[in-house]
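Notes to accompany the following structure.
The sequence lines fix the lettering, A, B, ..., with proteins before strands; numbering per chain opens at 1. If you're wondering where the values come from, they're calculated on a predicted model, not measured in any experiment.
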Amino acid sequence: MVSTMTANERQAALVISILAAIVGLAMAAAGRHDPLGVHGAMVLLTGLMCAFWVIRDYYKPEPPATRLAAYYDEPIKAGILLALLWAAIGMFFGDWVAWLLAYPEMTFDAAWSSFGRMRPIHTTGVIFGFGGNALIATSFHVMQRTSRARLADQFTPWFVLVGYNLFCAMAVSGYLMGVTQSKEYAEPEWYADIWLVVVWIAYFALYLRTLARRREPHIYVANWYYLAFILVVAMLHIVNNLALPVSWAGAKSYSLFSGVQDAMVQWWYGHNAVAFFLTAGFLGMLYYYLPKRAGRPIYSYRMSIVGFWGITFFYVWVGSHHLHYTALPQWVQTLGMTFSVMLLIPSWIAAANALLTLNGAWHKVRDDATLRFMMVAAVFYGLSTFEGSFLAIRPVNSLSHYTDWTVAHVHAGTLGWNSMIIFGAIYYLVPQLWKRAHMYSPALVEFHFWSAIAGTFIYVFAMWNSGITQGLMWRAYNPNGTLAYSFLDTVIAMHPYYIARAFGGLLFLIGTLAGIYNVWRTIQAAPARTPQSDQPILAVAQQAGS
Amino acid sequence: MFGTHYKLERYSIGLAVAIIVAASIGGLVEIAPLFTIHETVERAPHMRVYTPLELAGRNIYIREGCYACHSQMIRTLSDEVERYGPYSLAVESQYDHPMLWGSKRTGPDLARVGEKYSDLWQSEHLNNPRSVVPQSIMPAYGFLKRTELRTTDLPKDLAALKRLGVPYTDAMVRNASDDAKGQADPDGAWADGVRARYGDATHVRAFDGDAGTVTEMDALVAYLQVLGHLTDVAHASEAGAGK
């Protein structure tokens with residue numbers, strides 16, 4: 001990675017690595033009696049390792065100017081591999097905790113291995129580790145291709161990737177030590193949150209600088225979504241994580257907000273993490289890779305516009321549907337419900353636009369598992385947004401809330417939509433980036449597809465059943481007006497569904513591992529020729545002219 | 001409309017500004033009034049604050065991720081009121097930084113679990129849930145009883161919360177470490193100080209059954225036993241509604 005940087009970039013990388021090491025040392029010293037010290041050591045180690053890499057290649061010859069005639073794909077490759085590594089970690093812990101709900105003794109008698117500490121490793125690992133790295137990697141790819149321009153420099157992409165993964169690593173290692181803010185999907189503590197803001201600003205600046213170099217007058221719709229993802233996630237992250245650290249020498253902080261206001265801020269964040277991390281960013285992926293793989297242009301420009309602005313405007317209102325019948329004022333609940341229902345329109349416009357793009361290419365969907373991953377993703381996106389609007393309706397929510405129905409809904413989205421589009425994009429990207437004719441084993445891609453689909457269906461059906469069963473049991477009355485079931489009765493009734501869910505998750509994990517093996521073998525295979533079309537042609541022309 | 005957009009999408013900064021504006025409106029309309037409309041949070045003049053030991057227990061509850069399976073928010077539904085008690089009011093979590101309303105009930109709601117079970121039951125149940133409830137799927141927290149509670153930092157914790165608006169007095173902040181030890185040791189030297197500062201209704205007991213050392217089990221049980229008992233306005237408003 002260092003050999004592709006210019007002398008100035010190597011200098012910058014060295015200075016920033018050393019700065020990071022110094023900050024890490026300070027954290028480790030100040031927090032020596034606290035988990036903060038462990039994270040300080042991690043930062044120190046990361047800084048030193050990066051400095052070592054830079055120094056090792058510091059005096060290697062600079063890359064030739066001809067590099068500007070090609071896209072900068074090294075960080076994309078690294079991002080894809082990191083995404084796959086996080087997928088394995090996140091899904092492994094997810095399945096482990098799923099089995100724990102059926103067999104609670106399937107763990108060690110140690111604090112780190114209890115359900116409560118491992119569950120956020122699953123959520124952070126898959127959402128931020130797997131999803132986040134995939135978003136960053138694909139955004140680097142899409143912004144270059146749709147702009148016909150190379151990334152603005154050779155250092156910032158690495159800063160973003162390494163910095164982001166340092167954040168994820170601090171997050172999950174923190175949970176094992178009991179470091180958490182308890183805010184769902186925003187568990188990391190104050191210092192990790194501040195670090196993520198720094199990384200995010202660099203990411204946004206890189207995006208704008210690359211767009212500024214574009215050779216296309218218009219910014220393609222995929223980039224609108226990636227931009228919304230970067231900007232709104234920054235806004236949500238900063239506001240929701242406002243907190244007062246107990247001291248500079250410790251990890252613990254107290255949220256600036258309390259009670260009802262804190263609940264509203266948390267679910268404004270929580271639902272918009274779904275909206276702008278798991279939806280906007282992923283629609284960016286869908287809007288580039290699905291048309292490319294199908295070989296068809298996006299069905300409708302106008303539907304793209306209506307879908308995009310509808311999603312950007314409506315989504316922010318809907319978080320309060322997580323707080324129906326609670327102590328949150330009724331008017332906020334009603335607003336949340338109303339906008340949740342209206343949100344179905346732009347969501348379905350976006351999904352329909354993707355599916356209609358496939359008109360004329362359905363035979364490819366039949367034959368090509370990679371395109372099928374993307375098609376299924378669009379279908380699950382449509383289904384889970386429908387379910388989301390439905391669950392946000394107050395009386396429906398009275399049954400579904402607090403039950404596994406919500407878990408079913410979330411996993412229809414994350415397994416069926418987010419993971420499927422990531423795997424589709426990865427199977428499209430890996431042969432192209434590593435310059436191979438095709439994946440090592442197309443049969444294994446088929447296997448991955450079917451195990452992922454089967455796993456998703458088993459998971460979602462199991463959780464629908466358990467959620468609706470438990471919701472109905474909680475509210476069942478005897479003829480004499482007393483409650484029919486104790487809470488424990490409802491827990492016992494969940495047992496078979498919890499086994500089925502853990503099995504579905506296992507199938508999904510096996511598919512993922514097959515995918516990782518397939519990617520690994522593809523990288524090991526002998527390279528083929530670069531396809532002529534995958535170069536910034538105007539950059540080539542400019543090069544020849546100068 | 002589409003013509004305007006055709007122009008807008010040529011400017012990255014313009015697009016970024018438009019995105020921020022479109023995505024800010026909903027949050028502003030729904031969140032800002034919650035800080036200004038006074039009816040959002042009811043009044044509870046006699047509500048007490050968490051003692052240092054209860055706060056330490058609350059931080060253990062957070063650390064172990066208990067909120068992932070237990071809610072602390074009873075909804076305004078008849079079956080919930082019958083199962084768990086009067087529905088939760090906003091004021092009851094006004095000092096909760098952060099709130100722990102939760103979003104999932106793999107286990108039951110805990111908003112009013114305080115004093116529902118004995119200290120012995122709670123500590124046995126946390127130590128090994130299946131020794132008390134054979135079909136329970138809750139994790140066993142055997143290490144709580146084995147781990148001594150770290151009380152040295154508690155003054156800083158209280159000071160931080162005081163800065164955020166929780167009405168701790170200077171004496172409470174100063175004596176936080178001793179108060180934590182005193183609350184779990186009813187016959188010890190510090191027990192009276194806890195009652196003097198936090199009121200006579202404060203539970204001063206050897207929560208884990210052993211007055212000798214203050215363990216994490218003491219703290220967590222002390223926290224669980226006070227849930228739903230910081231104020232009685234929820235019961236009062238239910239009685240009022242009954243008339």
What part of [X] lies closer than 4.5 angstrom to a heavy atom of chain A: side chain, backbone, both or neither?
{"X": "B/L55", "value": "side chain"}
{"X": "B/A159", "value": "neither"}
{"X": "B/S88", "value": "backbone"}
{"X": "B/V29", "value": "both"}
{"X": "B/L77", "value": "side chain"}
{"X": "B/Y61", "value": "neither"}
{"X": "B/A140", "value": "neither"}
{"X": "B/I37", "value": "side chain"}
{"X": "B/S24", "value": "both"}
{"X": "B/L100", "value": "side chain"}

Which bit of A/L256 comes within less than 4.5 Å of chain B, counting heavy atoms only: side chain, backbone, both or neither?
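A/L256 touches chain B through backbone and side-chain heavy atoms alike.
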Looking only at side-chain N and O atoms, does A/T326 offer a donor or acceptor that is under 3.5 Å from a partner on B/Y87?
no
d(B/K104 NZ, A/T406 OG1) to nearest 0.5 Å is 8.0 Å
Rounded to the nearest 0.5 Å, how far apart are OG of A/S253 and NE2 of B/H97?
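Here the rounded value is 12.0 Å.
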Counting only N and O atoms by type, is there a donor-acceptor contact under 3.5 Å from the side chain of [X] to the main-chain atoms of [Y]?
{"X": "A/D262", "Y": "B/M99", "answer": "yes"}
{"X": "A/S258", "Y": "B/Q94", "answer": "yes"}
{"X": "A/R302", "Y": "B/F2", "answer": "no"}

Is there a side-chain contact between [X] and [Y] in this structure, where contact means two heavy atoms from C-beta onward sitting under 4.5 Å apart?
{"X": "B/S12", "Y": "A/I219", "answer": "yes"}
{"X": "A/F257", "Y": "B/F35", "answer": "yes"}
{"X": "B/E39", "Y": "A/P329", "answer": "no"}
{"X": "A/F308", "Y": "B/I19", "answer": "yes"}
{"X": "A/L328", "Y": "B/L34", "answer": "yes"}
{"X": "B/R63", "Y": "A/V179", "answer": "no"}
{"X": "A/P104", "Y": "B/M138", "answer": "no"}
{"X": "A/W474", "Y": "B/E80", "answer": "no"}

Output the option from B/R150, B/K156, B/R130 having the highest count of non-hydrogen pairs under 4.5 Å with chain A.
B/R130
Can you tell which of B/P108, B/S93, B/G65 has the highest number of heavy-atom pairs within less than 4.5 Å of chain A?
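Greatest number of close heavy-atom pairs with chain A: B/P108.
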Which one wins on heavy-atom pair count under 4.5 Å against chain B: A/T490, A/L483, A/V232?
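The option with the most such pairs is A/L483.
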If you tally heavy-atom pairs under 4.5 Å against chain B, which of A/Y175, A/Y402, A/Y325, A/Y207 wins?
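That would be A/Y402.
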Salt bridge (charged side-chain N to carboxylate O under 4.0 Å, His left out) assessment of B/R146 paired with A/D109:
CA-CA 12 Å; B/R146 304 194 291 262; A/D109 178 26; 3.5 Å; yes
When the aromatic ring centroids of A/H322 and B/W101 are compared, is their separation below 6.0 Å?
no
side-chain contact (heavy atoms from CB on, under 4.5 Å) partners for B/A68, two or more places apart
A/R119
In terms of ring plane angle, is the pair A/H218 and B/Y6 parallel, tilted or perpendicular, where the classes change at 30° and 60°?
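Answer is tilted, since the angle falls between 30° and 60°.
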